[in-house]
Structures are given as C-alpha cells and as structure tokens.
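Structure first, commentary second.
Side chains are part of it too, since the values below use all heavy atoms of this structure and drop only hydrogens, waters and symmetry mates. Lettering follows sequence order; numbering is per chain, from 1.
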There are 2 protein chains.
Amino acid sequence: MKSFKQRSACPISSSLDVLGDKWTLLILRDILFKGKSTYGEFLQSAEKMATNILADRLVNLEAHGMLTKVVAPGKKSKFTYHLTEKGIATLPILVELVLWGAQHFSTDIDVGLLEEFRTGKGVAIEKYKRLARETLA
Amino acid sequence: MKSFKQRSACPISSSLDVLGDKWTLLILRDILFKGKSTYGEFLQSAEKMATNILADRLVNLEAHGMLTKVVAPGKKSKFTYHLTEKGIATLPILVELVLWGAQHFSTDIDVGLLEEFRTGKGVAIEKYKRLARETLA
DNA sequence: AATTTTCTCTTGCATTTTGCAAGAAACAAA
DNA sequence: TTTGTTTCTTGCAAAATGCAAGAGAAAATT
C-alpha cells in the first residue's frame, strides 16, 4: 500500500499524479469507449499491456476510487471492473485526447465518431456517460 | 536520437505516446497559463522538475514540433521556448485536466479562473490560445 | 473423480527511466 | 580578469517498466 502524494496544489499536476502515465487512461478508454470490463479483455488491446502493469494500474485506479471490482454473477473467479462517477468524469479528458491525437497523428479512428466529437462534443460526452452508468447496473 | 513509435493507431494511445508522463504537460501548462518561456523559469515550478528531465522533455517537445527554441535577442546564451499551433492545440486537454483535478483533489486553483472554465469553456480556451500566439510574436 | 481449461494475477530478472547532486560550457556583467 | 548567469551534461542510485514463466482458484470437460 503506497501512499498517494500530490506533487503540488496545482489541479493539472494533481490530475497527472494519477493519470500521468502511458497506461492508466488506456484502461479508462477500454471501459468507456469499448465496453470492456475484465482483466482478460484489457489484455487484448492493441497496445499489449504487460500483465503486471495492468494488475498494478487496476489496483491504483481502485485505490483512487475510480473503479470498483465486482465478482461476476455465478463465477467466483471472474471479475468485472466498473467506473465510479470519478472515473466517468475523465471522459472529457479522453475526448480531447482523441481530438488532438486524430488531428496530429495517423490514426484509424472512425470518421463518424470523430465528427460526432467535433460538432457535438457535449452531447456525445453525455451519451457515453449514460452508457457507462448503464453498464454499471 | 530515439525514433518515435506509436504503440497503436488509436488516437488516445498516440496522444499518450507523446504526452503520457508526469512532466510534459506541466511544461505546456507553464507556457500556456503562466507565461513562462525559459529553462530557468520552468525549473522554478512548484513540482521541482529535475534538470535532466526538463532538458530531455524540451528536446522531445521540439522533436515533435510542439515548441520552438529561439535565441533571446542580444543574449546568445539565453533561449526562449514558444509553442507551435500543435502545442497550443493541447489547451483543451489541459483545461479538462484542470476541471477534473479541481473537482477531485484539494487544490489552490483561483476560483475565478475555475468559474471561467466551467461556464465559458470555449471562450476561455480561445482567449488563452490568443495569448499564446501573441507571446510568440 | 480426474483432467483440462479459463481467468486473474504473481514472481524473477533484465532493461529503461527517473531522480538527485555535482559540475561543465558558453556567454554576460562587473 | 573575475564573478555571475543560463543552459544543459554526467555519473550513479533508485524506481518503474517490460518480458516470460508460472502459480492458484474455480469452471468445464472427459
């Protein structure tokens, strides 16, 4: 159990203390945009996250109250991970990362989704938030 | 000279390949929100970045076309760093990090600025973009 | 009942990155 | 000529990451 330490009182710095690495936000992406919820599903992503890193990040996210680990119904050895409101609230950050990334790199993002984000950002965000809350139930 | 490698064609992943660490976005914050532009100024931030890390990140950001290094007028040994449009375009990401951080951590953000971001995000972003372009001249 | 498969991690170890402290290099100022 | 400013560089210890193998618990299959 390592204690969390903010480097400063700056909100950006504090956010990065939790989200500032190459993997954490990809887990949130998998949950929010790809409907994933299990350890095995996270491992299958194109970026090939190492198993120990994934386990570490899941513990971290849970420790920060961003997701909850739930035993799958009828299967004691399978778990599903669901976002809390704090986790869902990272959606606008992810959307801006999508827009910046799609603008400045060669990516394979769906043009329809991109257009949805560009023209109706607020509506799109609300839609995905609703989706995340539904999967929780 | 290390070559840049995208882990996947996902725009979020690609963004994180460049921005996904604990320091890069703090440099952009210092330029965009605090009007900083020199190595010495970046070093003075509350988070106390190590000198070698700062030097490395500045090289990286320049390599990615996000900022330019300019010799200060009349001083050959002093440089100023200015953002390109690609760098300025990270502003919405930073604003979302501010909002999320201010919402979920104890921070010392100015309440006026926070309100400005909450109620008139688009306008505020344009204002800071304009500011960044002005300092460039 | 025994075996195999599924699923979630854990462990050991090499590599890479970070953090820290000291100092070097280039120029400016006194 | 000396002192100061400014931007890094270097060496080394510590921490994080990446990789491969496998452990452990439950579920499914034979």
B:Lys69 side chain N/O closer than 4.0 Å to the phosphate oxygens (OP1, OP2) of D:dC8?
yes
Could you tell me whether the phosphate oxygens of C:dC7, OP1 or OP2, come under 4.0 Å of any side-chain nitrogen or oxygen in A:Tyr81?
no
Determine all donor-acceptor pairs shorter than 3.5 Å in which one atom belongs to a side chain in residues 72-80 of chain B; sequence neighbours excluded.
residue : atom : partner : partner atom : Å
B:Thr80 : OG1  : B:His82 : NE2          : 3.0

What pairs of nitrogen or oxygen atoms, one from the protein and one from nucleotides 26-30 of chain C, lie under 3.5 Å apart?
none

Check residues 121-130 of chain B and write down every donor-acceptor pair under 3.5 Å in which the side-chain atom is one partner and the other belongs to a residue at least two apart or another chain.
residue  : atom : partner  : partner atom : Å
B:Lys121 : NZ   : B:Glu96  : OE2          : 2.6
B:Lys127 : NZ   : B:Glu116 : OE2          : 3.0

How about B:Lys36 and B:Ser45: does a side-chain donor come under 3.5 Å of a side-chain acceptor?
yes
Verify whether one side chain among B:Ser14 and B:Asp17 offers a donor that lies under 3.5 Å from an acceptor in the other.
no
Identify, with sequence neighbours excluded, every residue that meets ring-ring contact (aromatic ring centres under 6.0 Å, His included) alongside B:Trp23.
none
List in chain and number order the residues that pass ring-ring contact (aromatic ring centres under 6.0 Å, His included) with B:Phe105, two or more places apart in sequence or in another chain; answer none if no residue qualifies.
A:Phe4, B:Trp100
Any carboxylate oxygen within less than 4.0 angstrom of a Lys/Arg side-chain nitrogen, looking at B:Glu85 and B:Arg133?
yes
Between A:Ser8 (side chain) and A:Cys10 (backbone), is there a donor-acceptor pair under 3.5 Å?
yes
Can you tell me the distance, in whole Å, between the CG atom of A:Asp21 and the P atom of C:dT18?
11 Å
Between A:Asp17 (CG) and C:dT18 (C1'), how many Å, whole number?
15 Å
What residues 22-60 of chain B contributes to the DNA chain D interface at heavy-atom separation below 4.0 Å is B:Thr38, B:Tyr39, B:Gly40, B:Thr51, B:Asn52, B:Ala55
